[in-house]
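Below: the structure, in structure tokens.
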Protein chains: 2
Amino acid sequence: MAADHTVRDADIAPVAALIADPTRAAILTALLGGRALAAGELARLAGVSAATASAHLARLLDGGFVTVLRQGRHRYYRLSGPEAAEVLEVLARVGARPPVRSLRQSRQARMLEEARTCYDHLAGKAGVALFEALRESGCLAGEEVTAVGERLLAGIGVHVAGARGTRRRFAPECLDWTERRPHLGGALGAAVTAVLLERGWFRPGAGPRALTLTDEGRRELAALFPGQVTAPWSKELTWHSPVT
Amino acid sequence: MAADHTVRDADIAPVAALIADPTRAAILTALLGGRALAAGELARLAGVSAATASAHLARLLDGGFVTVLRQGRHRYYRLSGPEAAEVLEVLARVGARPPVRSLRQSRQARMLEEARTCYDHLAGKAGVALFEALRESGCLAGEEVTAVGERLLAGIGVHVAGARGTRRRFAPECLDWTERRPHLGGALGAAVTAVLLERGWFRPGAGPRALTLTDEGRRELAALFPGQVTAPWSKELTWHSPVT
DNA sequence: CTATTGCTTCGTCCGGGAACGAAGGATGAG
DNA sequence: CTCATCCTTCGTTCCCGGACGAAGCAATAG
């Protein structure tokens with residue numbers, strides 16, 4: 001939700017380590033059914049001795065992943081709550097390799113990732129790259145446009161003053177859901193995007209919100225923001241996808 | 001979403017193992033910012049030698065967590081996509097210990113977990129326990145009520161035939177979002193819940209959908225379903241919360 | 001009471017993997 | 001061409017932690 005909840009503060013390694021062991025993972029997935037299971041039963045399911053299972057359960061308990069309830073000489077373990085289950089499910093989702101989407105689907109998804117509109121402003125890789133380019137070239141400072149920025153934007157035909165006059169927020173960051181980085185929103189974002197379309201640097205693509213970067217746009221943007229290496233308009237680079 | 005997406009098939013341990021190492025976790029959190037970073041930079045940030053970082057990056061690449069783009073003699077690494085970022089954030093959320101909710105809040109949440117309504121039928125721990133009790137005592141078979149069940153339900157005043165007559169689905173499972181296990185929904189679920197309230201075994205609690213199990217309800221339900229150990233109406237048990 | 005069962009604790013062994021330095025491509029600068 | 005930089009691969013060391021059996025505690029049965 002909020003973009004300012006950085007993860008930096010929390011130690012994720014210890015949490016992951018709890019799940020990283022195959023035996024503990026087996027125990028946790030067994031518990032994912034929701035029922036409380038006895039320690040012995042879990043040992044059997046995971047295929048280890050009672051002593052080993054006990055040690056693992058102690059660690060899971062300490063880590064807050066499970067709770068235990070004693071009933072006579074049995075000890076029933078269960079997942080501590082929805083959060084624990086959620087972690088396991090997310091991990092499983094990543095672990096399960098994407099089941100080869102259809103070419104059409106993947107092509108469309110791919111294009112939406114590249115560039116699309118978010119309401120009326122540019123989003124996707126292109127939107128994020130544009131925002132970062134503006135930041136790094138000193139055009140934007142906080143939620144304001146610098147003198148440098150004003151010149152640059154005026155140069156391509158953006159009426160900065162006009163955008164500032166509206167009741168709408170001027171240049172807020174808008175978090176991009178695919179990139180997890182901000183792009184330019186608000187009145188200024190809309191004004192810039194309008195220009196990009198007018199000049200034919202982007203044009204509507206296949207599908208509702210898709211946009212395509214044109215060759216002209218690629219050329220012009222690369223000239224406008226030299227030194228960007230990861231932007232869609234940079235010269236083609238060698239991409240190494242993970243081995244599957 | 002769907003309850004039938006079991007996690008059993010996917011191996012979560014290898015995925016978790018990738019994040020479980022402190023150095024790799026440092027690398028991943030550094031990349032969580034979204035920017036692509038050079039291998040050397042990541043080594044510096046993680047506080048390890050270039051050789052070590054390279055090995056880690058190779059594993060992350062193989063696991064599909066990052067992608068690499070070669071630019072001259074540099075190699076820029078970045079998170080492979082939104083899924084990778086999501087895993088890290090969920091882990092971080094769990095890793096960060098719950099920031100001591102106010103007593104009032106936690107009490108309310110606690111009560112909603114215990115028993116609440118889901119539309120017009122019983123949910124929460126009590127709802128799940130009731131459903132399992134009906135299952136295990138042979139009252140329900142699939143989406144039907146057995147002869148045993150019909151007698152038991154008639155005994156407490158539930159008009160099973162009446163519930164069957166409606167257009168509504170008769171006795172579907174309804175997945176409980178806090179318990180991640182099904183409770184009884186549909187026409188039968190509503191009929192049973194109505195009886196539970198009429199007889200005063202539950203009564204509306206504090207807050208919109210909260211229900212409270214009364215002493216009478218506890219007594220009667222324990223008598224109705226002997227042998228249940230984890231139900232809210234079972235005799236008090238020793239709970240061991242995880243050490244904090 | 002003693003016997004049995006269920007689980008934990010203790011002591012021990014052993015393998016996987018994380019770390020580093022040195023050497024080996026690859027790329028760009030002069 | 002030659003050197004410097006950036007990164008990877010190789011070879012080595014070393015330590016963490018997961019496995020088991022045996023013994024130690026609870027709790028129920030008879």
Side-chain angles (χ1 to χ4, degrees), chain A residues 11 13-28 30-31 36-63 65-78 227 229 235 237-240 242-243, chain B residues 11 13-28 30-31 36-63 66-78 227 229 235-240 242-243:
Chain A
D11 258 343
V15 187
L18 278 179
I19 317 176
D21 178 74
T23 301
R24 281 196 294 271
I27 290 176
L28 289 171
L31 290 174
L37 297 175
E41 178 83 355
L42 288 168
R44 198 183 57 74
L45 287 171
V48 293
S49 73
T52 303
S54 179
H56 285 304
L57 288 168
R59 292 193 58 180
L60 290 173
L61 188 64
D62 184 60
F65 265 91
V66 302
T67 52
V68 64
L69 81 83
R70 320 179 43 154
Q71 166 75 351
R73 47 186 170 185
H74 299 271
R75 301 201 184 177
Y76 290 97
Y77 286 88
R78 70 185 328 176
V229 295
K235 65 171 191 284
L237 298 162
T238 316
W239 279 83
H240 247 298
V243 186
Chain B
D11 255 345
V15 187
L18 278 178
I19 318 177
D21 178 76
T23 301
R24 281 195 294 271
I27 289 176
L28 289 171
L31 290 175
L37 297 174
E41 178 82 354
L42 288 168
R44 198 184 57 75
L45 287 171
V48 293
S49 75
T52 303
S54 179
H56 285 303
L57 287 168
R59 293 193 58 181
L60 291 174
L61 188 64
D62 182 63
V66 301
T67 51
V68 64
L69 81 83
R70 318 179 45 154
Q71 166 77 348
R73 47 187 171 186
H74 299 270
R75 301 203 185 176
Y76 290 96
Y77 286 89
R78 69 186 328 176
V229 296
K235 67 173 191 282
E236 252 345 297
L237 298 163
T238 316
W239 279 83
H240 248 298
V243 186

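A note on names: the letters A, B, ... follow the listed sequences, proteins ahead of strands, and every chain is numbered from 1. What's counted below: heavy atoms across the whole structure, side chains too, no hydrogens, waters or symmetry copies.
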Could you list all N or O pairs between the protein and nucleotides 14-21 of chain C that sit under 3.5 Å apart?
unit_1, atom_1, unit_2, atom_2, d
C:dA18, OP2, B:R24, NH1, 3.0
C:dA18, OP2, B:R59, NH1, 2.6
C:dA19, OP1, B:T23, OG1, 2.6
C:dA19, OP2, B:H56, NE2, 2.3
C:dC20, OP2, B:S49, N, 3.1
C:dC20, OP2, B:S49, OG, 3.3
C:dC20, OP2, B:T52, OG1, 2.8

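Here B:A30 pairs with B:L37, B:L42, B:L45 under the side chain to side chain contact (heavy atoms under 4.5 Å, CB included) rule; sequence neighbours left out.
One atom, CG of A:L57, and another, P of C:dC7, lie 10 Å apart when rounded to the nearest Å.
Note on B:A43: nothing from the nucleic acid sits closer than 4.0 angstrom, heavy atoms only. The residue B:A58 sits apart from the nucleic acid: no heavy atom pair falls under 4.0 Å.
For DNA chain D, the outermost nucleotides in 5' to 3' order that have an atom under 4.0 Å from a heavy atom of chain B are D:dA4 to D:dT9.
A:Y77 approaches A:L31 most closely through the heavy-atom pair O-CD2, 3.3 Å. Residue B:L57 comes nearest to B:A39 through the heavy atom pair CD1-CB, 3.9 Å, listed as atom of the first residue, atom of the second, then distance.
In the helix from C:dC1-D:dG30 to C:dG30-D:dC1, the end axes, each obtained as the rotation axis mapping the C1' atoms of four pairs onto the next four within a five-pair block, lie 20° apart to the nearest 10 degrees.
Applying the salt bridge (charged side-chain N to carboxylate O under 4.0 Å, His left out) rule to pairs touching residues 44-60 of chain B yields B:E41-B:R44, sequence neighbours excluded.
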Donor-acceptor pairs under 3.5 angstrom involving side-chain atoms of residues 13-28 of chain B: please list them, not counting sequence neighbours.
unit_1, atom_1, unit_2, atom_2, d
B:D21, OD2, B:T23, N, 3.0
B:D21, OD2, B:R24, N, 3.1
B:R24, NE, B:L18, O, 2.6
B:R24, NH1, B:H56, ND1, 3.1
B:R24, NH2, B:A17, O, 3.0

